[in-house]
Amino acid sequence: MSDIDVTDQSAIADLEQDLASAILGAPDEAGLEEVRIAALGKKGSVSELLKSLGAMSPDERKVMGPAINGLRDRVAGLITHRRSALKTRALEARLATETVDVTLPVREAAAETGRVHPIAQVMEELTAIFADMGFSVAEGPDIEDDFHNFTALNFPPGHPAREMHDTFFLPPGADGQRKVLRTHTSPVQVRTMQTKTPPIRVICPGRTYRCDSDQTHTPMFHQVEGLVIDKGAHLGHLKWILEEFCKSFFEVEGVKMRFRPSFFPFTEPSMEVDIQCDRSRPGEIRFGEGTDWLEILGCGMVHPNVLRNCGLDPDEYQGFAWGMGIDRIAMLKYGMSDLRAFFEADVRWLSHYGFRPLDFPTLAGGLSA
Ligand code: 2NL
């Protein structure tokens, strides 16, 4: 053995001593990892020693090889041991500080906490009732042209009835035409008459827009309109449909209805409909009983000009239509007093007035069960 060997061997022992105390002194896993990299990493002290074997004579290597490899194995062993000790200690510390509060309520699934907006609920209810009578649902664009929103519906150009609607106009397009935000859902029915052959039975629920805003009006609101076109369709059918609808929707056995003469450009004759109610109890309104009346919709026989404008022959076909405000009937049925709250997206309001998403309205299951 040469002197160099002895020196090197004691240097190895010194290094092992230093590394052992660094490993045992590492406060946590991150600190231990630093020590590991400084010893066994690519440029670590032990790795450098291993690299130096290559430059040694075979005799030297015979002695130093096992010494350095032994060092590496013992250091790696110490690190593994220390790491598992630190892991155990960290877990014990967590267990000592963290507690499980078994009195906390169970966290509900999204389908349990989410709520269906009353307008969406009422749309589902309406659809279920009219679907049961053989109606399908038609939809159309919110941005309409003048023809579908006004002209086809027998509002002549410059007619004052156009002003009644407080229309939102879009800037003129390349053709100079100003599109509008539809002021009612009637353009959907116009499109249906243009594309379908009678008999037609559709309802058109959806968003509508008028430049109007106060306690009972919002610039965006919802309507549902219904349309029946058939050779023998008459007001008797309309009255039956509306009566069945009111009984189902307000969930009462019977309800008196009052048809008053009115005017709409698109129907002739035109009527407004009131339903029987009782308002003698403060803050409460009951349908199907009492001696008060409440207006809920407008209706009439489709005007022959409208049929013609939509490509139907008024001598062959006739029909009736009605329209009502969804927001309003939702408020009446579910007792909300402020329309504006509908569109404020306040989750506290929604969690109070909203509906559970999996409780689907059906006629058999009870609409609002
Ligand atoms: C109301 C009155 C109504 C209609 C809407 C209609 C549609 C076509 C042809 C004829 Cl395509 N009529 N719809 C008819 C009468 C009244 O709505 O007060 N709505 C809130």
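It should be emphasised that the depicted structure is a prediction, and the values quoted were computed from it without experimental measurement. Just follow the structure's listing: the first ligand is 1, and inside any ligand the first atom is 1. Heavy atoms only: backbone and side chains are in, while hydrogens, waters and symmetry mates are out.
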Problem set entry | Salt bridge present between D146 and R178 (N-O < 4.0 angstrom) | no
Exercise. Is there a donor in the side chain of Q194 and an acceptor in the side chain of H148, or the other way round, less than 3.5 Å apart?
Worked result: yes
Problem set entry | R61 to G54 - nearest heavy-atom pair and separation |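 Between these two residues, the closest heavy atoms are NH2-O, 3.6 Å.
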Exercise. How long is the gap from CG on L15 to OG on S45, to the nearest 0.5 Å?
Worked result: 4.5 Å
Exercise. Is a side-chain donor or acceptor of H117 paired with a backbone partner of F342 at a separation under 3.5 angstrom?
Worked result: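 Answer holds: yes.
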Exercise. Is it the case that K333 places NZ or CZ above or below the six-membered ring of F250, under 6.0 angstrom from the centre and within 45 degrees of the axis?
Worked result: no
Exercise. For ligand 1, what are the residues with a heavy-atom contact below 4.0 Å?
Worked result: L153, S186, Q189, M193, Q223, E225, F264, F266, T267, G298, C299, A321, W322, G323, M324
